[in-house]
Amino acid sequence: MDPIENQHTQAHTVKKNKKKKKPTASGEISQQCRDLLSAFPVELQNTRAKGRHAIASESLEPGTTVCREQATSYIVRSPYIDKQCHVCLNSLDHGDISHSFTCDACNRVYYCSEECRDHDRAMHDSMCSVINRLDGIASECSVDVDLLRLMLGLLARRAQDPQDGQTSTPTPFEYVLELVHNREKISSDFIQVITQACEYILWFTPDYIIRIQYLLWEKNSFTATMLNDILPEDMKMDVNELALQESLLISSSQSINSNAHGLGDVQSRNTDSALGLFPLGAMFFNHSCEPNCNFVGLRDGKLEFRTLKKVIKGDELCVSYIDLFAPRNERRGNLLYTKQFWCKCRRCSTPMEKSVDRFLNGVICRQCHKDVYVIPPAHIDGKTSVKDDESAATYSCAQCHHAAPHSLVAGTIERADNQYNQAIGMIRQRKYGRAKDIFNTLIKAQDNSKTGNFTLHNFNAILMNSCVPLMNCYVFEDNHMAAIHVNRQILSKLRDSGAVPENSPEIGDFLINLGELCLNVAKESHGKALVEERWKQEAETALKECVKLREIAFGPAHGKTIAAQELLQSCQ
Ligand SMILES: C[S@@+](CC[C@H](N)C(=O)[O-])C[C@H]1O[C@@H](n2cnc3c(N)ncnc32)[C@H](O)[C@@H]1O
């Protein structure tokens, strides 16, 4: 029998035996989970409608920490591999890797200090021989190398797991296997390539390689069990353990796909420069398109969940996994594609004519000019097949019920979308001036609502999506005044539409951006004291608001809050 096949069979048996040790049967909430979250004002529940979830055990003020968790495993993503410490996630001396510490054997991990290197030694030693093979395995199997790195990290964590369930230690590996992974929606092609990648990974683990080489030398005619019979005692393989490891690797890849969290740069950038698995957060914080909580990456691979607004006792605590300034179909499609579920949150379940969502793909009513034509949302047919409701010949206004032909409403959106895509194409070709002109034409065309043309609503996501790159085009050409004008428009869309929650980090980003732009204009005022003062004041107002917001969304000690505070001090 093929030794690999043999291992699969064994895995099944081993998994069954191990089941007794699992902390929960699927769907139940273990006492250990309750203990791990007992320090926070949450109550854990499990219902048919929502699965496992957390509710507020008391009324909560904005900025309350409702969960903090050390990742079971985390990695610095490949593009940042030599830019951040792999333990504390601090920047590596502005990317100067000559000041960093690395592993001489693999040269694939970087640390900011000897202390961080020593802290990681045991974990890293168990992975070192495989790490520099992962690029090859990833390209051979066409799998994302960061997925493989995180899977390997999880396997190493499993070997290190302390059994005492202390909160200061990472959440144990076994919880990763308890996560919802929507396996039935994962394509068989993915399972096939990931299985192949897992087999390669195990081939390169320290002891196994000697044994596999032995096996190959014997022209593959021995089963692992036969080989074990002739191997000296200290070289015998634990076939069950290897099979178990392969099956755990495959399961963890599915958990990662559905549950891994990006960890943003702890200072100022918004990029997810690291990636980790946080089983408690993933188990108990459902997604909502009107979330009341935010998750924040902290140093040392921790993730914290904080309330963004007042929460009443008994309310479910939810976060958002996606961009919320997007039409309902786009959000649901995004979640289906990336997280394999169809969103049933309150916002997505509210009838379109009563939901803020009607504005995000809205075309203004040509009769009343007060509301928009309601475009029915798509629905899901089966588990993954999304169907647009294209049966209606007309769409009617949510307020005055004026009917407009489907083709004219859809055509207006399509034209705007084409213009948007054309401008983005120009940006990709670095033709910023041309992109700027197209965005401006698109935005200005929407001022015609009273002239009889069909036009987009101010909150239409195409306009929001156009404003952001338009502002960046202005920044690129140092036209700070124009950039400020667009930044203000973005902020008012974010605040007034109701599409993002109050104290949303996104609002904070545009506030700090506005502060920076106003400070630039103040500097350019060429000694005109009054002008300078006026711009400094606008900067100060924006930055004060940003600091307040970030204290809530990220916490007072977070790098992003401190960055806003420092900028505020510079203008006082
Ligand atoms: C990270 S888990 C959240 C915890 C989950 N309730 C549990 O029992 O483990 C994400 C999974 O929860 C479900 N889920 C979370 N938010 C949802 C939502 N807004 N609508 C529908 N299903 C949701 C989906 O099955 C999704 O794959």
Side-chain angles (χ1 to χ4, degrees), residues 23-24 28-47 50-74 89 157 165-176 178-180 255-256 258-264 266 272 274-288 290-322 339 345 501 503-505 550-558 560-561:
T24 62
E28 290 166 16
I29 301 172
S30 69
Q31 189 53 43
Q32 207 179 354
C33 282
R34 294 187 194 282
D35 292 346
L36 287 169
L37 288 172
S38 63
F40 302 100
V42 298
E43 196 181 298
L44 304 180
Q45 295 195 341
N46 189 357
T47 63
K50 294 177 190 287
R52 291 167 293 194
H53 62 281
I55 61 167
S57 59
E58 58 191 72
S59 292
L60 305 173
E61 287 302 311
T64 306
T65 302
V66 288
C67 175
R68 190 184 305 109
E69 182 182 13
Q70 173 71 51
T72 303
S73 180
Y74 59 103
L89 301 182
R157 165 58 51 210
Q166 303 265 312
T167 37
S168 57
T169 58
T171 311
F173 173 83
E174 48 199 325
Y175 287 113
V176 173
E178 291 290 312
L179 297 176
V180 172
S255 280
I256 292 169
S258 298
N259 298 287
H261 263 297
L263 288 166
V266 284
D272 282 341
L275 195 64
L277 253 172
F278 302 89
L280 287 178
M283 254 186 223
F284 296 109
F285 290 83
N286 280 327
H287 163 85
S288 166
E290 42 185 18
N292 49 17
C293 291
N294 179 39
F295 50 81
V296 190
L298 304 178
R299 288 182 204 285
D300 307 326
K302 289 194 187 72
L303 194 71
E304 183 168 286
F305 291 72
R306 304 174 62 84
T307 53
L308 287 173
K309 49 184 170 185
K310 275 193 177 208
V311 178
I312 297 166
K313 179 178 174 180
D315 274 359
E316 186 186 353
L317 297 162
C318 293
V319 289
S320 165
Y321 306 161
I322 49 160
K339 305 278 175 188
C345 76
N503 297 313
S504 157
R550 287 187 167 180
E551 279 175 351
I552 290 169
F554 298 104
H558 194 275
K560 284 191 152 215
T561 314

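The figures that follow rest on heavy atoms only: side chains count, while hydrogens, waters and symmetry mates do not.
Contacts of P291 classified as side chain to side chain contact (heavy atoms under 4.5 Å, CB included), with partners at least two apart in sequence or in another chain: S320, L324, P501. For I552, the side chain to side chain contact (heavy atoms under 4.5 Å, CB included) partners two or more places apart in sequence, or in a different chain, are P62, N503. Residues that satisfy the side chain to side chain contact (heavy atoms under 4.5 Å, CB included) test with T64, not counting sequence neighbours, are P41, L60, E61, T307. Residues passing the salt bridge (Lys or Arg N to Asp or Glu O under 4.0 Å) test with K309, sequence neighbours excluded: none. Among residues two or more places apart in sequence or in another chain, the side chain to side chain contact (heavy atoms under 4.5 Å, CB included) test is passed with S38 by none. Under the salt bridge (Lys or Arg N to Asp or Glu O under 4.0 Å) criterion, E551 pairs with no residue at all, not counting sequence neighbours.
Nearest heavy-atom pair, F40 versus R68, reported as atom, atom and distance to 0.1 Å: CZ-N, 3.4 Å. Smallest separation of non-hydrogen atoms from R52 and E178: NH2-O, 2.8 Å. Of all heavy-atom pairs spanning L298 and L89, the tightest one is O-CD1, 4.2 Å. Contact detail for K50 and N286: the closest heavy-atom pair is O-ND2, 3.0 Å. L263 and K302 make their closest contact through CD2-O, 3.8 Å (heavy atoms, listed as atom of the first residue, atom of the second, distance). Closest non-hydrogen pair, E316 versus I55, comes out as CA-CG2, 3.9 Å.
Between atom NE2 of residue H287 and atom OH of residue Y321 there is a gap of 7.5 Å, rounded to the nearest 0.5 Å. Expressed to the nearest 0.5 Å, how far CZ of F278 lies from CG of L179 amounts to 12.0 Å. L36 contributes atom CG, which lies 10.0 Å from atom CD of Q31 (distance to the nearest 0.5 angstrom). Atom CG of L277 and atom OG1 of T72 lie 6.5 Å apart (nearest 0.5 Å). Separation of atoms CG (L37) and SG (C67) is listed at 5.0 Å; rounding is to 0.5 Å.
Proximity of P279 to E69: side-chain heavy atoms (C-beta onward) are separated by under 4.5 Å at one or more points. F284 has its side chain out of reach of L317: every pair of non-hydrogen atoms, C-beta onward, lies at least 4.5 Å apart. Counting heavy atoms from C-beta outward, Y74 and P170 have side chains that stay 4.5 Å or more apart.
We find that E304 and R306 are joined by a salt bridge, their nearest charged nitrogen and carboxylate oxygen being less than 4.0 Å apart.
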Open item on the list: Pair M283, L44 - check side chain to side chain contact (heavy atoms under 4.5 Å, CB included), show working.
Closed with: CA-CA 10 Å; M283 254 186 223; L44 304 180; over 6 Å; no

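Between F285 and F305, the ring centre distance stays below 6.0 Å.
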